[in-house]
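Data first, discussion second: the structure below is written as structure tokens.
Each ligand, and each atom within it, is numbered from 1 in the order the structure gives. Just so we're clear, the structure is a prediction, and the values are computed from it rather than from any experiment.
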Amino acid sequence: MKQIPENYSPANDALRDRIILVTGAGDGIGAQAARTFAGHGATVILVGRTQAKLEAVYDAITAAGDPKPAIFVMDFSKAQGDNYQNLHDAMEQEFGRLDGLLHNASILGARSPIEHHDIKIWLETIHVNLNAPFILTQALLPLLHKSKDPSIVFTSSGVGRKGRAFWGAYGVSKFGTEGLMETLADECSDIRVNCINPGATRTAMRKAAYPGEDPTTLKTPAEIMPPYLYLIGPDSRGVTGQSYDCQ
Ligand SMILES: NC(=O)c1ccc[n+]([C@@H]2O[C@H](COP(=O)([O-])OP(=O)(O)OC[C@H]3O[C@@H](n4cnc5c(N)ncnc54)[C@H](OP(=O)(O)O)[C@@H]3O)[C@@H](O)[C@H]2O)c1
């Protein structure tokens, strides 16, 4: 697995004039990534299922004096073709292109052995974590092709690279994510496409997976932002089809 150059620290305006969409932007790593990208000059499209959380991130970005973001409420467990098309159309009308796409939204699903895995939860987990990023990517590729320096970043996990007991549909969805990334990277010569694995990070999802763990022993989302900045921004030009670890 790859890691970014040590002590990577991009300029404060490294993402100036870039239009970057972040899914799951209302909480955890996605909320931090949205704020960090905006803090480096990007106009961020905040996509997620809980409007109030997206509005809180919007308020934090504008309060910091960073470029005004946009909000698009979308629940990937329910979204249909029309919803993806509407997002594309709204983006096309407002911006005419897309420079960065961070697929970050995911659900944990059930921690369960395959033998007893609830089928409904399996299907929903694969849908939100793998099918939705595929459909969203397909809908937005026309806008990414219009960018001068487009980058797509998928979010993976350690359990998506080496199978681990009881990680069920979540782990399998992340294996699929790695495959989707590699396939798309091989198909696209004008867009770089990579995966990022945040590693253990202090968020609600981690708490749900490891309820007994002391969260203060974990990195915060803010501490793992350099690889996100590297992969979404201009310094990763030429890097594609790769899987990166944040930690
Ligand atoms: N934290 C870790 O230790 C860790 C480790 C490895 C990989 N990851 C990966 O990193 C990414 C971010 O994880 P996190 O820890 O920040 O998780 P999190 O705190 O649970 O945040 C997940 C975000 O995804 C959104 N989301 C979930 N289901 C959605 C749906 N159906 N439609 C739209 N948005 C939806 C959530 O929205 P709401 O806030 O509205 O629920 C939330 O904003 C995920 O891809 C995860 O698999 C995390």
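- Some N or O of Lys174 is nearer than 3.5 Å to an N or O of ligand 1, by distance alone.
- Every atom of ligand 1 with a heavy atom of Ala200 under 4.0 Å away is listed here by number and element: 3 (O).
- Near Met74, meaning under 4.0 Å from any of its heavy atoms, are these atoms of ligand 1: 32 (N), 33 (C).
- Within the 3.5 Å criterion, the main-chain N or O of Tyr230 finds no donor-acceptor partner in the side chain of Asp235.
- Among all protein heavy atoms, the one lying closest to atom 44 (C) of ligand 1 is Asn104 O, 3.1 Å.
- Formation of a donor-acceptor pair under 3.5 Å by the Asp99 side chain with backbone atoms of Ile19 is found in this model.
- Listed by number with element, the atoms of ligand 1 under 4.0 angstrom from any heavy atom of Ala204 are 19 (O).
- Residue Phe76 approaches ligand 1 through these ligand atoms, each under 4.0 Å from one of its heavy atoms: 30 (C), 31 (N), 32 (N), 33 (C).
- Contacts with ligand 1 closer than 4.0 Å are made by no heavy atom of Arg202, backbone or side chain.
- Listed by atom number, the atoms of ligand 1 under 4.0 Å from Tyr170 heavy atoms are 7 (C), 8 (N), 9 (C), 46 (C), 47 (O).
- Atom 42 (C) of ligand 1 has its closest protein heavy atom at Asp27 CB, 3.9 Å.
- The closest approach between Gly199 and ligand 1 falls below 4.0 Å for a heavy atom of the residue.
- What sits closest to atom 25 (C) of ligand 1 on the protein, heavy atoms only, is Gly24 CA, 3.7 Å.
- For the pair Arg35 and Phe37, the cation does not sit on the ring face, since its NZ or CZ is not both under 6.0 Å from the ring centre and inside 45° of the axis.
- Polar contact check, Ser157 against ligand 1: no nitrogen or oxygen pair lies under 3.5 Å apart.
- No side-chain donor from either of Lys174 and Thr155 sits under 3.5 Å from a side-chain acceptor of the other.
- Of all atoms in ligand 1, numbered sequentially from 1 with element shown, those under 4.0 Å from a heavy atom of Thr155 are 9 (C), 10 (O), 11 (C), 45 (O).
- Considering only non-hydrogen protein atoms, atom 16 (O) of ligand 1 sits nearest to Ile29 N, 2.8 Å.
- A donor-acceptor pair under 3.5 Å is formed between the side chain of Ser151 and the backbone N or O of Leu231.
- Under 4.0 angstrom from ligand 1, the non-hydrogen atoms of Ile107 all belong to its side chain.
- Side chains of Met91 and Ile45 form a contact here, defined as non-hydrogen atoms less than 4.5 Å apart.
- Taking a 4.0 Å cut-off on heavy atoms, His103 fails to register as neighbouring ligand 1.
- For atom 6 (C) of ligand 1, the nearest non-hydrogen atom of the protein is Pro198 CG, 3.7 Å.
- Here Arg97 does not pair with Glu92 in a salt bridge; the nearest charged N to carboxylate O distance is not below 4.0 Å.
- The closest non-hydrogen atom to atom 3 (O) of ligand 1, taken over Thr201, Val73, Leu54, comes from Thr201.
- Within the 4.0 Å heavy-atom criterion, both parts of Ser106, backbone and side chain, lie near ligand 1.
- Judged purely by atom type and a 3.5 angstrom limit, Thr201 uses its side chain to pair as donor or acceptor with the backbone of Gly199.
- Residue contacts with ligand 1 for Thr203 involve side-chain atoms from C-beta outward but no N, CA, C or O (heavy atoms, distance under 4.0 Å).
- Numbered from 1 in the order shown, with element, the atoms of ligand 1 that lie under 4.0 Å from a heavy atom of Thr50 read 38 (P), 40 (O).
- Atoms of ligand 1 lying under 4.0 Å from any heavy atom of Ser156, numbered from 1 in the order shown and given with element: 7 (C).
- Between Val128 and ligand 1, not a single N/O pair is under 3.5 Å apart.
- For the residue pair Asn12 and His40, no side-chain donor N or O sits within less than 3.5 Å of a side-chain acceptor on the partner.
- With a heavy-atom cut-off of 4.0 Å, Lys53 touches ligand 1 through its side chain alone.
- Annotation: side chain of Asn194 is not in contact with side chain of Lys2 (no heavy-atom distance under 4.5 Å).
- Within the 3.5 Å criterion, the main-chain N or O of Ala52 finds no donor-acceptor partner in the side chain of Thr50.
- No hydrogens or angles considered: nothing links the side chains of Gln93 and Asp89 as a donor-acceptor pair under 3.5 Å.
- When only modelled atom types and interatomic distance are considered, Ser77 and His127 share no side-chain donor-acceptor pair under 3.5 Å.
- Of the candidates Gln247, Met205, Arg49, it is Met205 that places a heavy atom closest to atom 18 (P) of ligand 1.
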Please step through salt bridge (Lys or Arg N to Asp or Glu O under 4.0 Å) for the pair Asp13 and Arg18, ending with a clear verdict.
CA-CA 10 Å; Asp13 63 349; Arg18 285 180 193 240; over 6 Å; no
